[in-house]
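Notes follow once the structure below has been shown.
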Amino acid sequence: MKKYLITSREFYTDTPAVFRGILQEQLIKHMPDFALYRDKSNPHYNIQADHFVEVCRNFMGLKSFLHQEYELAASLGAHGVHLTSKQFDKIQNAKALGLEVIISTHTKEEVLQAKKLGADYVTYSPIFSTPGKGEPKGVKELEALVKSVEIKVFALGGIIDKQQIDAIEKSGVYGFASIRYFY
């Protein structure tokens, strides 16, 4: 099962040197397959994104993704972009730039739409309870979804411990994504 580390300003800060150090420590500790730079409030997002992609390049096999900013992802040489559930109209733009695309989804209909529009992966959430993210879908709903769609699905939402990872792994999901588990 693939591991997808997502950064958060809360844990990583927006100070470049500190950010780089924390990111490198977490990548060494967890050895994820995918990593996302996500910071919705950093006025210097492009600068920090450059640091993020540079650090990720030091880890063989790690795919680096930027949040929402597909043109920046392409210009910095990131592997891809993680689009929000309000950016379905940007999937083809990102693909045209040669990027891999992950898009956030919350319903089976959104997952099917993502596949139809050419996304490579989806996150499906929330699987477990997580602050401010609505009613959790649970492992059984995740398993039913995975069996009924033909796109790589990352479970997301409230995944903070090994017991939860073991439970979702049994669903046949492609991987899991988390902020808190990886910090």
Side-chain angles (χ1 to χ4, degrees), residues 1-13 19 22-42 52 55-56 59 61-68 73 78-88 100-115 119-183:
M1 185 167 62
K2 301 293 184 184
K3 299 184 283 186
Y4 183 17
L5 177 150
I6 301 173
T7 69
S8 169
R9 176 183 256 190
E10 177 184 3
F11 300 121
Y12 289 81
T13 82
F19 173 83
I22 293 171
L23 177 62
Q24 184 154 328
E25 285 174 16
Q26 297 310 314
L27 293 175
I28 290 168
K29 179 179 177 181
H30 297 287
M31 295 303 292
D33 304 283
F34 295 73
L36 170 66
Y37 174 51
R38 181 177 177 271
D39 186 339
K40 296 178 181 180
S41 60
N42 187 342
F52 172 82
V55 170
C56 288
F59 292 83
L62 175 62
K63 292 185 177 189
S64 61
F65 285 73
L66 298 186
H67 190 240
Q68 301 183 49
H79 289 89
V81 64
H82 185 137
L83 301 173
T84 72
S85 59
K86 299 195 182 342
Q87 290 184 294
F88 279 83
E100 291 185 33
V101 174
I102 300 173
I103 190 163
S104 297
T105 65
H106 310 288
T107 66
K108 182 177 179 179
E109 293 73 28
E110 287 178 342
V111 173
L112 294 172
Q113 181 72 0
K115 170 68 174 164
D120 300 287
Y121 317 87
V122 297
T123 56
Y124 185 66
S125 67
I127 303 306
F128 301 106
S129 182
T130 191
K133 298 297 182 181
E135 191 67 30
K137 298 182 180 318
V139 177
K140 286 184 180 178
E141 186 175 319
L142 173 65
E143 183 174 3
L145 175 86
V146 168
K147 288 179 178 176
S148 69
V149 299
E150 295 180 6
I151 189 169
K152 294 172 180 169
V153 178
F154 285 100
L156 173 66
I159 301 167
I160 59 172
D161 63 37
K162 178 86 169 96
Q163 182 179 356
Q164 292 168 318
I165 292 167
D166 291 343
I168 61 172
E169 187 168 23
K170 293 174 186 166
S171 74
V173 73
Y174 179 73
F176 76 96
S178 182
I179 295 172
R180 294 178 291 164
Y181 176 80
F182 293 111
Y183 189 77

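All values below were derived from every heavy atom in this structure, side-chain atoms included, with hydrogens, water molecules and symmetry-related copies excluded.
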- prompt: Looking at K162 and D166, does any basic side-chain N land under 4.0 Å from a carboxylate oxygen?
  reply: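 Counted as a salt bridge, because a side-chain N and a carboxylate O are separated by less than 4.0 Å.
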
If you measure from [atom1] on [X] to [atom2] on [Y], what distance do you get to the nearest 0.5 Å?
X   : Y    : atom1 : atom2 : result
L36 : Y4   : CG    : OH    : 4.0 Å
S85 : H106 : OG    : NE2   : 4.0 Å
L62 : L5   : CG    : CG    : 8.5 Å

- request: Start with the C-alpha gap between V149 and K115, add the side-chain angles, then the distance that decides, and say whether side chain to side chain contact (heavy atoms under 4.5 Å, CB included) holds.
  value: CA-CA 9 Å; V149 299; K115 170 68 174 164; over 6 Å; no

message: Test side chain to side chain contact (heavy atoms under 4.5 Å, CB included) on I28 and F59; report intermediate values, then the result.
response: CA-CA 8 Å; I28 290 168; F59 292 83; 3.7 Å; yes

- request: Just do the side chain to side chain contact (heavy atoms under 4.5 Å, CB included) check on Q164 and I127 with the steps written out, would you?
  value: CA-CA 10 Å; Q164 292 168 318; I127 303 306; over 6 Å; no

- request: Decide side chain to side chain contact (heavy atoms under 4.5 Å, CB included) for F88 and T105; before the verdict, give the C-alpha distance in whole Å, the side-chain angles of both, and the deciding distance to 0.1 Å.
  value: CA-CA 10 Å; F88 279 83; T105 65; 4.1 Å; yes

Ring geometry between [Y] and [X] (parallel below 30°, tilted from 30 to 60°, perpendicular above 60°):
X    : Y   : result
Y121 : F65 : perpendicular
F182 : H30 : perpendicular
F154 : F34 : perpendicular

query: Is any side-chain heavy atom of Y124 less than 4.5 Å from a side-chain heavy atom of V146?
result: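 They are not in contact (no side-chain heavy atoms under 4.5 Å apart), so the answer is no.
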
Any side-chain heavy-atom pair of F11 and I179 under 4.5 Å: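 They are in side-chain contact.
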
message: Counting only heavy atoms from other residues, nucleotides and ligands, does the tally under 6.0 Å from NZ of K3 exceed 12?
response: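 Atom NZ in K3 is packed in, count exceeds 12.
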
- prompt: Is the centre of the Y183 ring less than 6.0 Å from the centre of the Y12 ring?
  reply: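 Between Y183 and Y12, the centre distance is under 6.0 Å.
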
Sole candidate of I102, I6, T7, T84 that passes side chain to side chain contact (heavy atoms under 4.5 Å, CB included) when paired with H67: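 Among the candidates, only T84 passes.
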
message: With ring-ring contact (aromatic ring centres under 6.0 Å, His included) as the criterion, how do Y181 and F176 come out once you've worked through the C-alpha distance, each side chain's angles and the decisive distance to 0.1 Å?
response: CA-CA 10 Å; Y181 176 80; F176 76 96; 5.4 Å; yes

- prompt: Is there a donor-acceptor pair under 3.5 Å between the side chain of H79 and the backbone N or O of S64?
  reply: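 Pair found, side chain donor or acceptor close to backbone of S64.
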
